[in-house]
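Count residues from 1 along the sequence. What you are looking at is a predicted structure, and each value in this text was computed from that prediction instead of being measured.
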Amino acid sequence: MKRAIVLLFFVLSVSAAYGEIYKWVDANGKTYFSDSKPKSDSVEAVTLKINTYTDVSFDDGAGDVGEKVVMYSTSWCGYCKKARRYFERNNITFVEYDIERNRRAKAEYDRLGGRGVPVILVGTRRMNGFSVDGFKRIYQ
């Protein structure tokens, strides 16, 4: 019985913490996003899709980028930040392409079949996501 009460409390607290994102356009045509619902009549709830890898996976045949390290990333991605810090701390030269700010990078990312960030290429090896051990596996 005690477990059931604890489980019920946990489920209720998680659902209470769930938030929504709202989108609306003002009279001047400017679009806004917020986590609190505005008083505007034309508000729409937005469903967000977090597009990051939660597990590391490896692929071959991504082309050949030579010996350099190439990372397709976004500015908000936590795994991208972790990879960036690792590369900098270990003096690993890398080229980074932000797929949200660079159309050519996004097109190349799409051509590679990217479905999340980061996508890291070394030679002909590819890592989807980031972990230190995973990176060491492709960076030899």
Side-chain angles (χ1 to χ4, degrees):
M1 180 66 178
K2 207 175 202 182
R3 280 188 178 172
I5 291 172
V6 169
L7 181 61
L8 180 62
F9 175 76
F10 177 74
V11 169
L12 291 175
S13 66
V14 168
S15 64
Y18 175 76
E20 290 189 4
I21 301 294
Y22 300 97
K23 173 184 173 184
W24 71 97
V25 179
D26 70 9
N28 297 322
K30 187 171 180 182
T31 303
Y32 296 89
F33 293 90
S34 176
D35 60 350
S36 43
K37 191 172 184 177
K39 295 177 183 168
S40 173
D41 292 334
S42 60
V43 176
E44 124 186 31
V46 177
T47 303
L48 298 178
K49 178 183 174 192
I50 303 301
N51 195 21
T52 59
Y53 286 106
T54 55
D55 296 311
V56 174
S57 63
F58 302 93
D59 295 311
D60 285 326
D64 189 349
V65 296
E67 292 304 311
K68 64 184 173 184
V69 175
V70 176
M71 178 169 70
Y72 292 91
S73 65
T74 61
S75 60
W76 50 263
C77 166
Y79 290 104
C80 301
K81 291 175 186 174
K82 184 177 178 182
R84 194 177 304 114
R85 281 193 305 267
Y86 177 79
F87 298 155
E88 290 168 355
R89 270 188 261 139
N90 291 281
N91 297 318
I92 297 170
T93 303
F94 67 103
V95 179
E96 183 174 5
Y97 298 108
D98 188 319
I99 63 170
E100 291 181 327
R101 296 181 180 164
N102 182 323
R103 277 188 264 160
R104 278 190 243 163
K106 175 67 165 113
E108 183 62 20
Y109 169 84
D110 289 342
R111 188 190 69 71
L112 290 168
R115 297 207 178 269
V117 287
V119 172
I120 300 171
L121 308 173
V122 179
T124 59
R125 296 172 300 279
R126 171 179 168 167
M127 179 171 69
N128 304 304
F130 180 77
S131 74
V132 171
D133 290 337
F135 181 74
K136 287 178 181 177
R137 179 175 159 186
I138 68 167
Y139 187 72
Q140 295 173 9

Problem set entry | Residue among Ser131, Ser73, Pro118 satisfying side-chain contact (heavy atoms from CB on, under 4.5 Å) with Tyr79 |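 So, applying the side-chain contact (heavy atoms from CB on, under 4.5 Å) to Tyr79 and each of Ser131, Ser73, Pro118, only Pro118 qualifies.
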Check whether [X] reaches the backbone of [Y] with its side chain - one donor and one acceptor, N or O, closer than 3.5 Å.
X	Y	answer
Arg101	Ser75	no
Asn90	Ile92	no
Tyr139	Gly134	no

For this session: Enter the distance from Tyr109:OH to Asn102:CG here, rounded to the nearest 0.5 Å.
Result: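 With rounding to 0.5 Å, OH (Tyr109) is 14.0 Å from CG (Asn102).
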Exercise. Measuring from Leu121:CG to Phe94:CZ, what's the distance to the nearest 0.5 Å?
Worked result: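 Atom-to-atom, Leu121:CG and Phe94:CZ are 13.5 Å apart.
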Exercise. Quick one: side chain to side chain contact (heavy atoms under 4.5 Å, CB included) partners of Thr93, sequence neighbours excluded?
Worked result: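 For Thr93 there are no side chain to side chain contact (heavy atoms under 4.5 Å, CB included) partners, ignoring immediate neighbours.
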For this session: Tell me, please, which residues at least two apart from Val132 pass side chain to side chain contact (heavy atoms under 4.5 Å, CB included).
Result: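 With sequence neighbours excluded, Val132 shows a side chain to side chain contact (heavy atoms under 4.5 Å, CB included) to Tyr86, Phe130, Lys136, given in chain and number order.
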Exercise. Considering all heavy atoms of both residues, which atom of Ile138 and which atom of Arg125 are nearest to each other, and what is their separation?
Worked result: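 Closest pair (atom of Ile138, atom of Arg125, distance): O-NE, 2.8 Å.
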For this session: Looking only at non-hydrogen atoms, find the nearest pair between Arg126 and Gly114 and report the distance.
Result: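 Shortest heavy-atom contact: NH2-CA, 3.9 Å.
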Within-4.5 Å side-chain heavy-atom neighbours: [X] and [Y]:
X	Y	result
Ile120	Phe87	yes
Ile99	Val119	no
Val70	Tyr97	yes
Val56	Arg137	no

Problem set entry | salt bridge (charged side-chain N to carboxylate O under 4.0 Å, His left out) contacts in which one or both residues fall within residues 87-97, not counting sequence neighbours |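 Qualifying pairs, neighbours excluded: Arg84-Glu96.
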For this session: Would you please name every residue forming a salt bridge (charged side-chain N to carboxylate O under 4.0 Å, His left out) with Lys106, sequence neighbours left out?
Result: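 Salt bridge (charged side-chain N to carboxylate O under 4.0 Å, His left out) check on Lys106 returns Asp110.
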For this session: Name all residues meeting the salt bridge (charged side-chain N to carboxylate O under 4.0 Å, His left out) criterion together with Arg85; count only those two or more places apart in sequence or in a different chain, and write none if there are none.
Result: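 By the salt bridge (charged side-chain N to carboxylate O under 4.0 Å, His left out) rule, Arg85 matches no residue at all.
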Exercise. Under the ring pair (Phe, Tyr, Trp, His ring centres under 6.0 Å) test, which residues partner Tyr22, sequence neighbours left out?
Worked result: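 In terms of ring pair (Phe, Tyr, Trp, His ring centres under 6.0 Å), with neighbours along the sequence ignored, Tyr22 is linked to no residue.
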